[in-house]
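All remarks here apply to the structure that follows.
Only this structure's heavy atoms are used, side chains among them; waters, hydrogens and symmetry mates stay out. Position 1 is the first residue of the sequence, and the numbers go up from there.
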Amino acid sequence: MRTGPARPPNRGGTITTTRVLIVDDEILVRSGLGLIVGSAPDLEVVGDCSGGQTEEYVRRLRPHVVLLDIRMPDLDGISVLRRLRALPDPPAVAMLTTFDTDEYIGTALRAGASGFLLKDTAPDQLVHAVRVLAAGGNILSPTVTRTVIGGYVDGGGPDAEASSLARTLTGRELDVLALLGEGLSNAEIADRLFLGTGTVKDHISAILGKLGAANRVQAAVIAHRAGLVRPKPNDGA
């Protein structure tokens with residue numbers, strides 16, 4: 001018997017709908033996000049709720065992706081995230097925040113969040129983010145990236161500890177880690193490196209184990225700290 005949400009198949013397989021749950025204490029925010037996400041033909045908003053109802057909704061509706069407000073009065077997003085991460089086969093969780101300097105972002109990263117998005121993210125970027133999360137990728141809103149990776153972990157050059165961890169990886173694992181650090185999904189990494197998605201998944205499992213990372217976002221942070229990810233032209237200071 002299945003104990004968690006079935007993952008949507010990789011691109012190239014049978015197309016199925018990605019199930020999305022939206023969690024926010026404000027009904028208008030939930031409604032607005034629901035309209036945007038639900039407008040995509042391959043995405044389905046299976047429900048929306050406040051923080052305290054999340055675990056019940058996830059168990060019952062089995063979403064693939066949860067968009068979770070990081071600040072809620074009844075039960076804060078970090079507590080909800082920890083409960084979801086403890087479930088068998090938990091959904092991918094992207095934290096929603098109003099501020100790109102939210103002090104809870106670092107805590108959410110350590111708790112296992114798969115992504116961070118500002119609530120005013122453009123509709124097309126929000127839809128893209130949900131698709132990437134469903135495919136196993138990690139998402140950082142461009143304006144949050146500096147806080148999560150730049151301000152939170154980078155110290156003006158490759159970090160010695162991260163570089164030491166990276167040296168435990170094989171050459172191919174380093175290639176995969178660098179692309180993971182760019183936020184690519186398994187399918188996108190496979191396309192870039194001419195590998196099968198199953199092979200990429202195996203590499204990522206090995207990478208997480210060697211790095212001691214709980215999830216892809218933490219591994220991506222290590223990739224940046226180790227200097228494996230080249231800054232994009234518009235990422236500049």
Side-chain angles (χ1 to χ4, degrees), residues 2-7 18-26 29-30 33 37 45-119 121 126 129-130 132-141 144-145 147-149 151-153 165 180 183 204-205 207-225:
R2 193 182 298 277
T3 57
R7 296 296 179 193
T18 294
R19 299 165 62 82
V20 182
L21 174 68
I22 298 172
V23 183
D24 195 287
D25 62 302
E26 297 184 23
V29 172
R30 300 201 305 256
L33 293 173
V37 173
V45 178
V46 295
D48 63 77
C49 63
S50 60
Q53 301 171 295
T54 309
E55 189 173 353
E56 172 198 345
Y57 272 56
V58 167
R59 290 182 182 275
R60 178 164 55 88
L61 300 174
R62 292 169 43 189
H64 304 116
V65 174
V66 174
L67 301 180
L68 174 62
D69 187 10
I70 204 167
R71 292 171 176 260
M72 293 179 289
D74 62 334
L75 185 63
D76 69 90
I78 303 298
S79 297
V80 173
L81 172 63
R82 288 180 175 135
R83 292 184 182 186
L84 295 185
R85 293 297 302 169
L87 295 175
D89 194 15
V93 180
M95 307 303 293
L96 298 171
T97 178
T98 306
F99 311 103
D100 61 351
T101 57
D102 197 315
E103 65 269 26
Y104 292 126
I105 288 177
T107 304
L109 171 64
R110 291 188 293 271
S114 297
F116 302 87
L117 294 165
L118 291 179
K119 290 185 180 181
T121 296
L126 178 61
V130 171
V132 170
L133 291 165
N138 52 272
I139 278 291
L140 298 175
S141 175
V144 176
T145 300
T147 298
V148 176
I149 290 180
Y152 177 60
V153 296
L165 286 171
L180 190 154
I204 290 176
S205 294
I207 289 167
L208 296 182
K210 290 180 179 181
L211 298 182
N215 54 56
R216 299 169 66 98
V217 175
Q218 290 184 5
V221 167
I222 292 173
H224 280 263
R225 289 174 54 192

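To the nearest 0.5 Å, the span separating OG on Ser79 from CD on Glu55 amounts to 11.5 Å. The structure places NZ of Lys210 at 12.0 Å from OG of Ser205, a figure rounded to the nearest 0.5 Å.
Closest of all the heavy-atom pairs between Leu117 and Ala129 is CD1-CB, 3.9 Å. In terms of heavy atoms, Leu180 sits closest to Ala220 at CD2-N, 3.6 Å.
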- Task: Tell me, with the steps shown, if Leu21 and Val58 meet side chain to side chain contact (heavy atoms under 4.5 Å, CB included).
- Result: CA-CA 8 Å; Leu21 174 68; Val58 167; 3.7 Å; yes
**OP:** Could you please spell out the steps behind the side chain to side chain contact (heavy atoms under 4.5 Å, CB included) verdict for Leu33 and Lys119?
**Re:** CA-CA 9 Å; Leu33 293 173; Lys119 290 185 180 181; 5.7 Å; no
Margin query: Is there a side chain to side chain contact (heavy atoms under 4.5 Å, CB included) between Leu67 and Val23? Walk through the geometry before answering.
Written below: CA-CA 6 Å; Leu67 301 180; Val23 183; over 6 Å; no
task = Check the pair Glu26, Asp69 against side chain to side chain contact (heavy atoms under 4.5 Å, CB included), reporting the backbone distance first and the verdict last.
result = CA-CA 10 Å; Glu26 297 184 23; Asp69 187 10; over 6 Å; no
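Among the candidates Asp24, Asp48, Asp25, the single residue satisfying the side-chain hydrogen bond (donor to acceptor under 3.5 Å, both in side chains) test with Arg30 is Asp48.
Within the 4.5 Å cutoff, the side chain of His64 has no heavy atoms near those of the Val20 side chain. In this structure, Ile70 and Ile78 have side chains that are in contact, with non-hydrogen atoms separated by less than 4.5 Å. Residues Thr18 and Val65 are in side-chain contact: their nearest non-hydrogen atoms beyond the backbone lie under 4.5 Å apart.
With hydrogens and angles ignored, the 3.5 Å screen pairs no side-chain donor or acceptor of Glu56 with any backbone N or O of Gln53.
Take Ala113 and apply the side-chain contact (heavy atoms from CB on, under 4.5 Å) test, not counting sequence neighbours, and it matches Leu81, Met95, Ala108, Phe116.
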